[in-house]
Amino acid sequence: MRWPNFFRKQSSFSNGLAAPDGATYLNLPAIRATGGAQVVEDITPQQWFSPLQPVRPGAPAGTRVRQYSYAPGANVVWTPGSEDTPRIGFDILRACADSFDLLRLAIETVKDRLCAVEWEVRLKTNPDERKPEWKKRQQADSRIKPLEAFWAFPDGEHSWEQWWRMALEDHFVLDAASVYMQRDVRGRIATVHAIDGATVNRVITDQGFTPPSPSVAYQQVLYGLPAINLTADDLIYAVRNPRSWKRYGYGPVEQCLVTISIGLRRQQFQLKYYTDGTMPEGLVFMPPGVHVDRVAEVQDWFDTMMAGDLARRRRLTFLPNYGDAKDQRPNVIFPKEVLLKDEMDNWLWQIVAYAIGTSPLALQKMVNRASAQTSQEAAEEEGLEPKLQWMESVVNNVVQRKMGFDDIEIVPKSRHEVDPVKQMEIHVGYIKEGVITRNEAREDLGRDPYEEAAEADELTVDTAQGPVPLSLDSQIEQMTAKQDAMPQKPEPGDGDDEKKPASKKEVERVLVQVGKLRGELSKIAKPNGNGRH
C-alpha cells in the first residue's frame with residue numbers, strides 16, 4: 001500500500017496531475033501568496049514608542065519568495081559557473097586539478113577506493129519483516145537481475161567502475177556531476193550517461209528553483225553557445241554541496257583553492273631548482289694577487305679535468321679574491337641552501353588530503369606503525385563514508401524516482417576488513433557470542449554453506465563445555481544425544497564384563513521386591529503402646 005503524499009508541491013508533475021503514489025502536485029501559479037494581511041495587527045503610530053509597521057515591500061503584489069537574490073536575466077547568462085565564480089571558471093578548476101601533483105594523487109586515490117566498493121541491488125525491507133521472508137521475496141522478484149545487468153554497464157559502454165570514475169571526477173573538481181538519462185520513444189530509460197558537468201548551465205524559475213518538467217531545467221552549452229535544452233526528466237545535476245545563495249556547487253578543489261595556488265608555486269620553485277638558476281653549487285676564491293685571466297685558465301683546466309654529465313652550474317666556480325688580508329673570505333663557499341622539502345610541503349599535503357577525503361599518512365613518515373594504521377583507517381572511514389552515501393543517493397534517484405522502482409534500492413555491500421587476521425577475529429567473535437551462525441560467516445566470506453551439519457545453521461554460545469545452542473529444543477536434543485552416546489556402566493558380577501541391560505520384566509520384579517521390603521520395615525519400625533520400638 002502506498003500512502004498518499006500530501007506535502008510535496010512541486011515535482012515532475014507540474015501540470016496539477018496526480019502522481020502514481022496518489023499525491024496531487026501543484027504547479028507554480030497555484031501556490032498561495034505569502035504575507036497574509038501584509039501588515040502587523042494591533043500596531044498604530046499613536047502607540048508609545050511604537051515599533052511601527054514594516055516598510056511596504058518594493059516587489060509587486062503576488063511576487064513569490066525567492067531562494068536567493070539572483071542577478072536579473074540570470075537565464076540569459078549561459079556560461080556554466082560564470083555567475084558564481086566570474087574569475088574562477090570551471091576551466092581554471094580543472095587546470096588546477098591537473099597541474100598540482102599532490103591534488104591529483106589524492107583525487108585518484110579516493111576514486112580508486114570508492115570504485116572498489118561492491119554494490120548490490122535489493123528490495124527494501126518492509127516494517128516487521130524478518131530476514132528469511134525478505135530473502136524469499138528478493139529471490140522471487142523478477143526485476144533484480146535485469147537491474148543488476150543494467151547497472152553493470154550503465155551507458156552500454158563503460159563498466160560501473162569506469163562510469164563512476166567519470167562522474168566522480170566532475171564531483172571532486174567541479175561539484176557538478178551530470179547524469180543524462182537517454183530514453184526510448186516510450187519514455188523508458190535505456191542508458192544512463194555521465195556527461196561533462198562543465199557544459200551544463202542551470203536554468204532557474206522566478207523563485208530561483210530548478211524548474212520541474214516539462215519546463216526547461218538545464219542547457220548544454222557547446223562551442224560557446226546553448227545547444228540543447230534538457231528537462232529534469234532528462235538530466236540529474238548531482239551537486240553534493242549546494243548552497244541556498246548560489247546556482248552551482250562548491251567542490252573540494254574550489255574550497256582549497258588558495259592552498260592549491262601556494263602548492264603550484266612551490267612546485268614550480270622546486271622544478272626551477274633543476275632547470276633554471278644562476279647560483280653555482282660552490283665558489284672557490286683564489287689567493288690575493290692572482291689575475292683574472294689566470295683565474296679563467298684555472299677554471300678551464302678544472303672543468304676539463306672534472307667535467308662529466310652534470311651541467312655547468314653543478315661545478316665549482318673559481319673567482320679571484322678581493323680586499324686585503326684582514327677581510328679575506330674562506331677559500332671555498334657553498335652559497336646554496338637546499339630547501340627542496342620542508343614542513344610546508346607536509347602541511348600542503350595534509351590540507352589537500354583532508355579536503356578530498358583520504359589519509360595523508362601515505363606520504364608521511366610513520367613514527368608508530370600501529371597508531372599510524374589506526375589513524376589512517378579512521379581518516380578513510382570519515383572521508384569515504386559521506387561520499388558513498390552521496391553516490392547511493394544519486395543512483396537511487398535514477399532507480400526510484402526516474403525508473404519508478406520505489407521499492408528497490410542500490411546500496412554498498414558490507415565491506416570486509418582488509419587484514420584477514422582481523423576479519424577472522426571478527427567472525428569468530430560473532431559466532432562465539434551467538435550473533436551469527438557458521439554458515440552466515442561462510443556466506444559473508446563468499447563460500448557455500450555447510451549443509452551436512454544442522455548445527456552450522458544454529459546460533460551458539462561458547463561455554464566451558466563447548467558450544468551451546470541458544471534454542472531450548474536444540475539444547476535438549478544435544479543433551480539427549482550425549483547421553484545416548486555414553487557407554488553403559490557394567491554391573492558387578494562374577495567375572496562377566498559384558499552384562500546385558502535389564503529387561504522390563506526384571507525391572508518390575510525388582511520393584512515388587514523393594515515394595516515388600518518397605519512394608520516389612522514399616523511394621524518393625526511401628527512403636528508399641530509404651531512408646532518404645
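Throughout, numbering of the chain's residues begins at 1 and tracks the sequence.
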Step-by-step salt bridge (charged side-chain N to carboxylate O under 4.0 Å, His left out) determination, Asp206 to Arg66 | CA-CA 7 Å; Asp206 67 318; Arg66 298 186 178 183; 5.8 Å; no
Mind running side chain to side chain contact (heavy atoms under 4.5 Å, CB included) on Ser159 and Phe153 for me, showing each step along the way?
-> CA-CA 4 Å; Ser159 65; Phe153 291 87; 4.0 Å; yes
Could you please spell out the steps behind the side-chain hydrogen bond (donor to acceptor under 3.5 Å, both in side chains) verdict for Gln270 and Asp345?
-> CA-CA 11 Å; Gln270 294 169 336; Asp345 298 276; 3.1 Å; yes
Could you walk me through whether Leu388 and Trp119 pass side chain to side chain contact (heavy atoms under 4.5 Å, CB included), step by step?
-> CA-CA 10 Å; Leu388 285 174; Trp119 296 69; 3.9 Å; yes
Test log, rule side chain to side chain contact (heavy atoms under 4.5 Å, CB included), inputs Trp134 and Gln139 = CA-CA 9 Å; Trp134 172 82; Gln139 294 173 355; over 6 Å; no
Would Val192 and Gln182 satisfy side chain to side chain contact (heavy atoms under 4.5 Å, CB included), going step by step from the backbone distance to the final call?
-> CA-CA 6 Å; Val192 179; Gln182 188 165 263; over 6 Å; no
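The backbone N or O of Ala95 sits less than 3.5 Å from a side-chain atom of Ser99, completing a donor-acceptor pair. Judged by distance alone, the side chain of Glu120 and the main-chain N or O of Val411 form no donor-acceptor pair under 3.5 Å. Trp163 places no side-chain N or O within 3.5 Å of a backbone atom of Trp151 that could act as its donor or acceptor partner. At least one donor-acceptor pair under 3.5 Å links the side chain of Asn396 to the backbone N or O of Ile410. Looking only at distances, a side-chain donor or acceptor of Asp170 sits under 3.5 Å from a matching main-chain atom of Gly197. With hydrogens and angles ignored, the 3.5 Å screen pairs a side-chain donor or acceptor of Gln38 with a backbone N or O of Thr34. No donor-acceptor pair under 3.5 Å is formed between the side chain of Arg442 and the backbone N or O of Arg438. Without hydrogens or angle criteria, Thr109 side chain to Leu105 main chain gives a donor-acceptor distance under 3.5 Å. Within the 3.5 Å criterion, the main-chain N or O of Lys145 finds no donor-acceptor partner in the side chain of Glu148. The closest donor-acceptor contact from the side chain of Asp155 to the backbone of His158 lies under 3.5 Å.
Screening Leu147, Val121, Leu123 for a side-chain contact (heavy atoms from CB on, under 4.5 Å) involving Asp141 leaves a single residue, Leu123. Results of the salt bridge (Lys or Arg N to Asp or Glu O under 4.0 Å) test with Asp407 over Arg137, Arg143, Lys124 single out Arg143 as the only residue that passes. Val200 pairs with exactly one of Tyr248, Tyr237, Tyr180 by the side-chain contact (heavy atoms from CB on, under 4.5 Å) rule, that one being Tyr237.
Few gaps surround OH on Tyr250; more than 12 heavy atoms of other groups in view lie less than 6.0 Å from it. Summarising the local packing, CZ of Phe150 is surrounded by more than 12 heavy atoms from other residues, nucleotides or ligands at distances under 6.0 Å.
One finds the CD atom of Gln138 at 11.0 Å from the OG1 atom of Thr125 (value rounded to the nearest 0.5 Å). Separation of atoms CG (Asp91) and OG1 (Thr79) is listed at 10.0 Å; rounding is to 0.5 Å. Separating the CD1 atom in Ile228 from the CG atom in Leu222 is a distance of 5.5 Å, to the nearest 0.5 Å. Rounded to the nearest 0.5 Å, atoms CZ (Arg183) and CG (Asp234) are 7.0 Å apart. Atom CD1 of Ile436 is separated from atom CD1 of Ile426 by 10.0 Å, given to the nearest 0.5 angstrom. Between atom CG of residue Leu230 and atom CD1 of residue Ile236 there is a gap of 12.0 Å, rounded to the nearest 0.5 Å.
The side-chain heavy atoms of Thr437 and Tyr430, taken from C-beta on, include no pair separated by under 4.5 Å. At least one side-chain heavy atom of Ile195 sits under 4.5 Å from a side-chain heavy atom of Leu235. In this structure, the side chains of Glu409 and Val399 stay at 4.5 Å or more apart for every pair of heavy atoms. In this structure the side chain of Leu93 never reaches within 4.5 angstrom of the side chain of Phe172, judged on heavy atoms. Using a 4.5 Å heavy-atom cutoff, the side chains of Leu52 and Val40 are not in contact. Side-chain contact check for Pro412 versus Glu392: some heavy-atom pair is nearer than 4.5 Å. Within the 4.5 Å cutoff, side-chain heavy atoms of Leu168 are placed close to those of Cys115. In this structure the side chain of Val179 never reaches within 4.5 angstrom of the side chain of His193, judged on heavy atoms.
The heavy-atom pair separating Ala355 from Pro252 by the smallest distance is O-CB, 3.6 Å. When all heavy atoms are compared, the tightest approach of Ile144 to Ile408 is CD1-CD1, 4.3 Å. Of all heavy-atom pairs between Val352 and Ala106, the closest is CG1-CB, 4.1 Å. When all heavy atoms of Pro80 and Asn201 are compared, the pair lying nearest together is CG-N, 4.1 Å. Closest heavy-atom contact between Pro211 and Ala232: O-CB, 4.2 Å. The heavy-atom pair separating Cys96 from Leu103 by the smallest distance is O-CD2, 3.9 Å.
A salt bridge between Glu108 and Arg104 is present, with a side-chain N of the basic residue lying under 4.0 Å from a carboxylate O of the acidic one. Taking a cutoff of 4.0 Å between a charged side-chain nitrogen and a carboxylate oxygen, Arg401 and Asp406 do not qualify as a salt bridge. At a threshold of 4.0 Å, the pair Asp184-Arg186 does not count as salt-bridged, since none of the basic side-chain nitrogens sits closer than that to a carboxylate oxygen. One finds a salt bridge joining Asp196 and Arg94 here, because a Lys/Arg side-chain nitrogen approaches an Asp/Glu carboxylate oxygen to under 4.0 Å.
For the residue pair Thr358 and Arg113, a side-chain donor N or O sits within less than 3.5 Å of a side-chain acceptor on the partner. Residues Asn229 and Gln219 have side chains that bring a donor and an acceptor to within less than 3.5 angstrom of each other. Between the side chains of Asp233 and Ser213, a donor-acceptor pair is found at a separation under 3.5 Å.
Between Trp390 and His171, the distance separating the two ring centers is shorter than 6.0 angstrom.
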